[in-house]
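Input: a single structure, listed below in structure tokens.
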Protein chains: 2
Amino acid sequence: MVMSAQPVGSVAGRQWAELLHAIGLRQTTPRLMVLDALSALGHGRVEDIHQAVVERAPAVSLSTVYRQLETLTEHGVVSHTHLLAGTKTYQLVSHADHAHLVCRDCGAVVELDGTIAARFTAEVSGTHGFTVDFGHLSVFGRCAGCAPERAQEAG
Amino acid sequence: MVMSAQPVGSVAGRQWAELLHAIGLRQTTPRLMVLDALSALGHGRVEDIHQAVVERAPAVSLSTVYRQLETLTEHGVVSHTHLLAGTKTYQLVSHADHAHLVCRDCGAVVELDGTIAARFTAEVSGTHGFTVDFGHLSVFGRCAGCAPERAQEAG
DNA sequence: GGGTAGTTGCGAACCGTTGGCAACTACTGC
DNA sequence: GCAGTAGTTGCCAACGGTTCGCAACTACCC
Ligand SMILES: [Mn+2]
Ligand SMILES: [Mn+2]
Ligand SMILES: [Zn+2]
Ligand SMILES: [Zn+2]
């Protein structure tokens, strides 16, 4: 058997119909599920996305998830960044309007302040003529909680 | 046969002797070659480093290069960043005092201006209490030359 | 309701990286 | 100098994430 057993467009899909039609991609169950998963997860690795998809459509293969992420990326609907070593973390481009700070020690991920991001972008553009790809930017380092114990009087 | 045929410490090694002795690592040909390669290359992928090493010591295996980079990283002599998709780019920590701007279109890599970097670090620290790992930071985007044609009167 | 091009599931292939192991050697202490 | 020992290495198999090939299937247009 190929494809999923679940009918298309029941609950999911609806919000993607217009988008997919505009870029000329068919509304298939796997595709809609991947979009739903990304929307719900915010961002996730291929395996995370596949797992989320399989919960509602058990027949969707990992290969298909890979292919969907590739296709959707080519069409500008999805992008990726690197929040963990060794793998890409995918996200909807609509979610890629901010950069991330990733703690090496505890793995915490927080969004970079918009003002700082804007100034950084402006300066890089002015000095280097370089346009920063925000959604892809991940800044690794150590968060406040994991910093070597020091002025922790407030604790 | 194991090990290389080239004697240790002839030309290379000399500058690493003190460093390696201090951290308790033996001065082996593969190790010295990897350090020399990193020093000469600035930064490179495992395959680049291996290729450089093999030019002077043909017997050094790829596995050993991987192990050296791992060991030297654990001892704080080497670090890595990501200048290309899918692989780590290794460098001496002494070279990791700056971040990089990487152009998606032409692949150009330039060092980020120190002043911008310093301000960014300070702001991130102040607002998020987050300490940025500079050497690992790679900013992807599009360089001036690859930007969509616009005000190019000076051409 | 057909016809067709786009999609999919499956399984194999791929490829960068890691691991196991016996041989070998840099370093220590004599 | 020279043996003893722990650290290293080369070889090669294994591993795990990602990509491919292909025949079956189906969303979409008419
Ligand atoms: Mn986010
Ligand atoms: Mn550099
Ligand atoms: Zn942390
Ligand atoms: Zn460029």
Side-chain angles (χ1 to χ4, degrees), chain A residues 1-10 12-14 16-35 44-51 53-54 57-75 80 82 84-90, chain B residues 1-10 12-13 16-18 20-35 44-51 53-54 57-75 80 82 84-90:
Chain A
M1 65 197 77
V2 177
M3 283 297 193
S4 154
Q6 185 163 126
V8 172
S10 56
R14 200 53 49 84
W16 310 113
E18 195 174 341
L19 169 64
L20 290 179
H21 184 76
I23 58 182
L25 288 180
R26 293 184 183 176
Q27 298 181 58
T28 65
T29 296
R31 181 123 63 209
L32 295 171
M33 291 298 180
V34 167
L35 288 170
R45 297 166 301 164
V46 177
E47 190 52 55
D48 299 327
I49 297 165
H50 180 235
Q51 195 172 322
V53 168
V54 164
V60 176
S61 71
L62 184 56
S63 300
T64 294
V65 173
Y66 271 105
R67 283 187 289 226
Q68 279 313 319
L69 292 171
E70 181 184 8
T71 299
L72 292 171
T73 295
E74 290 171 352
H75 287 269
H80 76 265
H82 303 269
L84 289 98
T87 319
K88 293 176 182 172
T89 297
Y90 288 89
Chain B
M1 67 198 78
V2 177
M3 285 294 193
S4 156
Q6 185 164 125
V8 172
S10 57
W16 310 112
E18 196 174 341
L20 291 178
H21 185 75
I23 57 182
L25 288 180
R26 293 185 182 175
Q27 297 182 58
T28 64
T29 297
R31 181 124 64 208
L32 295 171
M33 291 297 180
V34 166
L35 288 170
R45 298 165 301 164
V46 177
E47 191 51 55
D48 299 327
I49 297 166
H50 179 235
Q51 193 173 325
V53 168
V54 163
V60 176
S61 72
L62 184 57
S63 298
T64 294
V65 173
Y66 272 105
R67 284 186 290 224
Q68 280 313 320
L69 292 171
E70 181 183 8
T71 299
L72 292 171
T73 295
E74 291 171 351
H75 287 269
H80 76 265
H82 303 268
L84 289 98
T87 319
K88 293 176 181 171
T89 298
Y90 289 90

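All chains are named by letter (A, B, ...) in the order of the sequence lines, taking the proteins before the strands, and each is independently numbered beginning at 1.
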Exercise for review: Considering non-hydrogen atoms only, spot the tightest contact between H82(A) and T87(A) and give its length.
Suggested key: ND1-O, 3.7 Å

Exercise for review: Pick base, sugar-phosphate or nothing for R31(B), based on heavy-atom distances below 4.0 Å to the nucleic acid.
Suggested key: sugar-phosphate

Kindly give the atom pairs (protein nitrogen or oxygen, nucleotide nitrogen or oxygen) under 3.5 Å for nucleotides 15-17 of chain C.
{"unit_1": "dT17(C)", "atom_1": "OP2", "unit_2": "Y66(B)", "atom_2": "OH", "d": "2.0"}
{"unit_1": "dT17(C)", "atom_1": "O5'", "unit_2": "Y66(B)", "atom_2": "OH", "d": "2.9"}

Point to revise | Any S61(B) side-chain N or O less than 4.0 Å from OP1/OP2 of dG10(D) | key: yes

Review point. Sequence neighbours excluded, which residues qualify as salt bridge (Lys or Arg N to Asp or Glu O under 4.0 Å) partners of R45(A)?
Key: D48(A)

Point to revise | base_contact_polar (dG9(C) base, R67(A) side chain, donor-acceptor, <3.5 Å) | key: yes

Practice item. Please report, rounded to the nearest Å, how far the P atom of dT9(D) is from the CD atom of Q27(B). Key: 12 Å

**Study point:** Spacing of Q68(A) atom CD and T73(A) atom OG1 [to the nearest 0.5 Å]
**Key:** 10.0 Å

Exercise for review: Rounded to the nearest angstrom, tell me the gap between atom CD in Q68(B) and atom P in dG7(D).
Suggested key: 14 Å

Study note, to complete from the structure: Nearest-nucleotide check on DNA chain D, R26(B) vs S63(B); residue mapping nearer the 5' end is R26(B)

Review point. Closest heavy-atom contact between V54(B) and V60(B)?
Key: CG2-O, 3.7 Å

Review point. What residues form a side chain to side chain contact (heavy atoms under 4.5 Å, CB included) with E70(A), not counting sequence neighbours?
Key: E74(A)

**Study point:** Closest non-hydrogen atom pair, R26(A) against R31(A)
**Key:** O-NE, 3.0 Å

Point to revise | Value in whole Å for how far the P atom of dG7(D) lies from CD of E74(B) | key: 13 Å

**Study point:** Nearest atoms (heavy-atom pairs only) where T29(A) meets A57(A)
**Key:** CG2-CB, 4.2 Å

Check your understanding: Would one find a side-chain N or O of T28(A) under 4.0 angstrom from OP1 or OP2 of dT8(C)?
Key -> yes

Review point. In whole angstroms, how far is the C1' atom of dT8(C) from the CG atom of L69(A)?
Key: 15 Å

Review point. H50(B) side chain to T64(B) main-chain N or O, any donor-acceptor pair under 3.5 Å?
Key: no

Review point. Can you check side chain to side chain contact (heavy atoms under 4.5 Å, CB included) on V46(A) and K88(A), steps first, answer last?
Key: CA-CA 8 Å; V46(A) 177; K88(A) 293 176 182 172; over 6 Å; no

Practice item. Grab the CD-C1' distance between E70(B) and dG7(D) for me, whole Å please. Key: 14 Å

Study note, to complete from the structure: Atom CG of L32(A) and atom C1' of dT8(C) are separated, to the nearest Å, by 14 Å

Point to revise | Length of the CD1-C1' vector between I23(A) and dG6(C), whole Å | key: 14 Å

Exercise for review: Let me know the distance between CG of L20(B) and P of dG7(D), rounded to the nearest Å.
Suggested key: 15 Å

Review point. Hey, what do you get for CD1 (I23(A)) to CG (L72(A)), rounding to the nearest 0.5 Å?
Key: 6.5 Å

Point to revise | Bending between helix ends of the helix from dG1(C)-dC30(D) to dC30(C)-dG1(D) [5 pairs per end, 10° resolution] | key: 50°

Point to revise | Contacts of Q51(A) that satisfy side chain to side chain contact (heavy atoms under 4.5 Å, CB included) - sequence neighbours left out | key: none

Please list each protein N or O that sits under 3.5 Å from an N or O in nucleotides 28-30 of chain C, with the distance.
none

Point to revise | Distance (rounded to the nearest 0.5 Å) between L20(B) CG and E18(B) CD | key: 10.5 Å

